[in-house]
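Scope of the values below: all heavy atoms of this structure, side chains included, with no hydrogens, waters or symmetry mates. Letters go in sequence order (proteins before strands), and every chain restarts at 1.
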Number of protein chains: 2
Amino acid sequence: MEISPTGYVVLGILNWQPRTGYEIKQLVDRSTRFFWAASYGQIYPELKRLSDQRLVSGKADLKSARGRKVYRLTPKGHRELDRWMQRPPETFEMRNEGLLKLFLATGDSPEEIARHLGEMGGNADDVVARLREIREELGAEQASDQLCLRFGIEMNEWIAGWCQRRQRELAGADTKKRAA
Amino acid sequence: MEISPTGYVVLGILNWQPRTGYEIKQLVDRSTRFFWAASYGQIYPELKRLSDQRLVSGKADLKSARGRKVYRLTPKGHRELDRWMQRPPETFEMRNEGLLKLFLATGDSPEEIARHLGEMGGNADDVVARLREIREELGAEQASDQLCLRFGIEMNEWIAGWCQRRQRELAGADTKKRAA
DNA sequence: ATCCACATGTAAGGCGTTACATGATTGG
DNA sequence: CCAATCATGTAACGCCTTACATGTGGAT
């Protein structure tokens with residue numbers, strides 16, 4: 001009777017409106033993706049499991065010969081989602097290869113450190129660019145609703161700024177040392 | 001001949017000095033843990049694999065009857081680490097249940113949204129507290145070296161601040177609406 | 001004596017990605 | 001008619017965590 005973390009993403013999305021697995025994946029890719037990704041290989045089996053547990057119900061769309069299956073939340077699924085939403089968040093993880101390289105470069109030359117900072121900041125800039133695109137596509141009314149999108153943009157801007165500030169500090173210290 | 005991401009953590013740590021698996025785990029827990037965790041169940045098998053590939057070499061510590069095995073980087077391992085350090089970082093992931101709940105609460109009442117913001121910010125505060133403890137234990141000279149520790153503290157402070165600012169905005173908008 | 005820290009390792013299982021397999025529909 | 005998109009699903013595999021199993025050494 002256990003539900004995987006990604007199961008709750010599915011439940012939460014279906015809480016807004018019925019959708020197919022394909023549509024769920026599309027939504028995830030332009031929303032939760034940056035803090036909770038999910039692939040087809042997870043979504044389809046997950047829908048089946050949730051269906052077995054009667055938390056969602058899937059109906060074949062008869063109007064479509066494509067074999068679409070539209071899933072909706074059951075009352076039981078709704079209660080399960082509510083309970084989960086009330087519980088305090090547990091997982092808060094980060095896996096950042098740039099930060100790892102910066103750490104492992106401790107003791108290396110200022111130039112090396114600066115290079116890692118540059119790459120880390122560049123990555124953050126890239127994420128900002130992609131999130132801005134998504135926001136643009138959403139349109140103004142909807143976008144104001146998107147707190148998480150705003151979080152993603154502002155946090156990555158902060159990260160890029162932090163990297164730049166540390167690079168400048170290094171350059172300053174380096175110049176002073178050379179002058180001395 | 002593939003090396004797992006965590007394999008590079010091990011390689012990078014051994015690059016500073018020879019260590020046992022146990023010591024690697026201890027170091028990870030007070031350093032990379034917040035952006036790249038690793039458990040015993042990964043470290044020991046990983047040391048074996050790296051050893052099989054001649055990237056590290058392990059020597060039984062004869063002075064200790066405890067069966068300690070001290071590993072050190074081989075020249076081949078050093079080259080492999082260098083190559084990896086030169087490559088641009090690829091993984092940049094985040095898994096944040098608080099942010100997920102905030103997203104799934106879109107459309108809920110301002111009070112609900114504010115609650116999620118509070119929990120998310122509280123989590124960030126907790127991380128800041130733990131990282132500060134670690135910094136204190138390190139002592140001043142070493143701590144100045146710890147760019148990543150500083151990043152962890154400052155980023156989580158920023159996150160906590162962001163959550164508070166959004167909470168205040170919500171409270172303000174709410175008051176205005178009630179007054180109208 | 002007993003407990004904690006040191007120390008190594010394995011097994012089972014969860015979670016997730018990638019790649020593959022298959023086919024329908026729509027727009028140019 | 002062809003390509004892109006819609007649409008569902010599975011298989012293999014990688015990574016990681018948790019729990020277990022085992023034992024030593026030092027401090028109280």
Original post:
Hey, which of these two, A:Pro5 or A:Tyr40, hits DNA chain C nearer its 5' end, going by closest nucleotide?
Top reply: A:Pro5

**OP:** For B:Glu97 and A:Tyr8, test the side chains for any donor-to-acceptor distance below 3.5 angstrom and give the result as yes or no.
**Re:** no

Original post:
Within this structure, what is the OH-to-P distance between A:Tyr44 and D:dT8, rounded to whole angstrom?
Top reply: 4 Å

Original post:
Which residues, if any, of residues 12-24 of chain A bring a heavy atom under 4.0 Å of DNA chain D?
Top reply: A:Thr20, A:Gly21, A:Tyr22

Original post:
Between B:Trp36 and B:Phe92, is the ring centre distance below 6.0 Å?
Top reply: no

**OP:** May I ask you to say what A:Lys69 touches in the nucleic acid, namely base, sugar-phosphate or nothing, with a heavy-atom cut-off under 4.0 Å?
**Re:** sugar-phosphate

Subject >> Residues from residues 90-105 of chain B lying under 4.0 Å of DNA chain C - heavy atoms >> reply: B:Arg95

Subject >> Covered region of DNA chain C, 5' end to 3' end, by chain A [heavy atoms, under 4.0 Å] >> reply: C:dC15 to C:dT25

Original post:
What integer distance in Å separates B:Trp36:CH2 from D:dT17:P?
Top reply: 11 Å

Subject >> All salt bridge (charged side-chain N to carboxylate O under 4.0 Å, His left out) counterparts of A:Arg150, not counting sequence neighbours >> reply: A:Glu154, B:Glu169

**OP:** Could you check whether A:Glu46 gets within reach of a base, just the sugar-phosphate, or nothing at all, counting any heavy atom under 4.0 Å?
**Re:** nothing

Original post:
Can you tell me how far CG of B:Asn96 sits from CD of A:Glu90, rounded to the nearest 0.5 angstrom?
Top reply: 12.5 Å

Original post:
Separation of A:Lys25 atom NZ from D:dA7 atom C1', in whole Å?
Top reply: 14 Å

Original post:
Between the side chain of B:Trp84 and the main-chain N/O of A:Lys101, is any donor-acceptor distance below 3.5 Å?
Top reply: no

**OP:** May I have all residue pairs that pass salt bridge (Lys or Arg N to Asp or Glu O under 4.0 Å) and include part of residues 5-24 of chain B, sequence neighbours excluded?
**Re:** B:Glu23-B:Arg68

**OP:** Please answer whether the main-chain N or O of B:Gln53 pairs with a side-chain N or O of B:Lys76 as donor and acceptor at a distance below 3.5 Å.
**Re:** yes

Original post:
Same cluster for A:Leu47 and A:Leu27 if Ile/Leu/Val/Met/Phe/Trp/Tyr side chains link at under 4.5 Å?
Top reply: yes

Original post:
B:Asp29 has an atom CG; how far is it from atom P of D:dC16, in whole Å?
Top reply: 15 Å

Original post:
Would you say B:Val56 and B:Arg72 make side-chain contact, with heavy atoms under 4.5 Å?
Top reply: no

**OP:** Quick one: label A:Ser39 by what it contacts on the DNA or RNA (base, sugar-phosphate, nothing), any heavy atom closer than 4.0 Å.
**Re:** base

**OP:** Kindly check if the number of other-residue, nucleotide or ligand heavy atoms within 6.0 Å of CD (A:Gln86) is above 12?
**Re:** yes

**OP:** Name the nucleic acid region contacted by A:Gly67, choosing base, sugar-phosphate or nothing; use a 4.0 angstrom heavy-atom cut-off, strictly under.
**Re:** sugar-phosphate

Scan the side chains in residues 117-138 of chain A for donor-acceptor partners under 3.5 Å anywhere in the protein, sequence neighbours excluded, and list what turns up.
from	atom 1	to	atom 2	distance (Å)
A:Arg132	NH2	A:Glu157	OE2	2.4
A:Glu137	OE1	A:Arg30	NH1	2.7
A:Glu137	OE1	A:Arg30	NH2	3.3

Subject >> A:Gln26 CD to D:dA4 C1', straight-line distance once rounded to whole Å >> reply: 13 Å

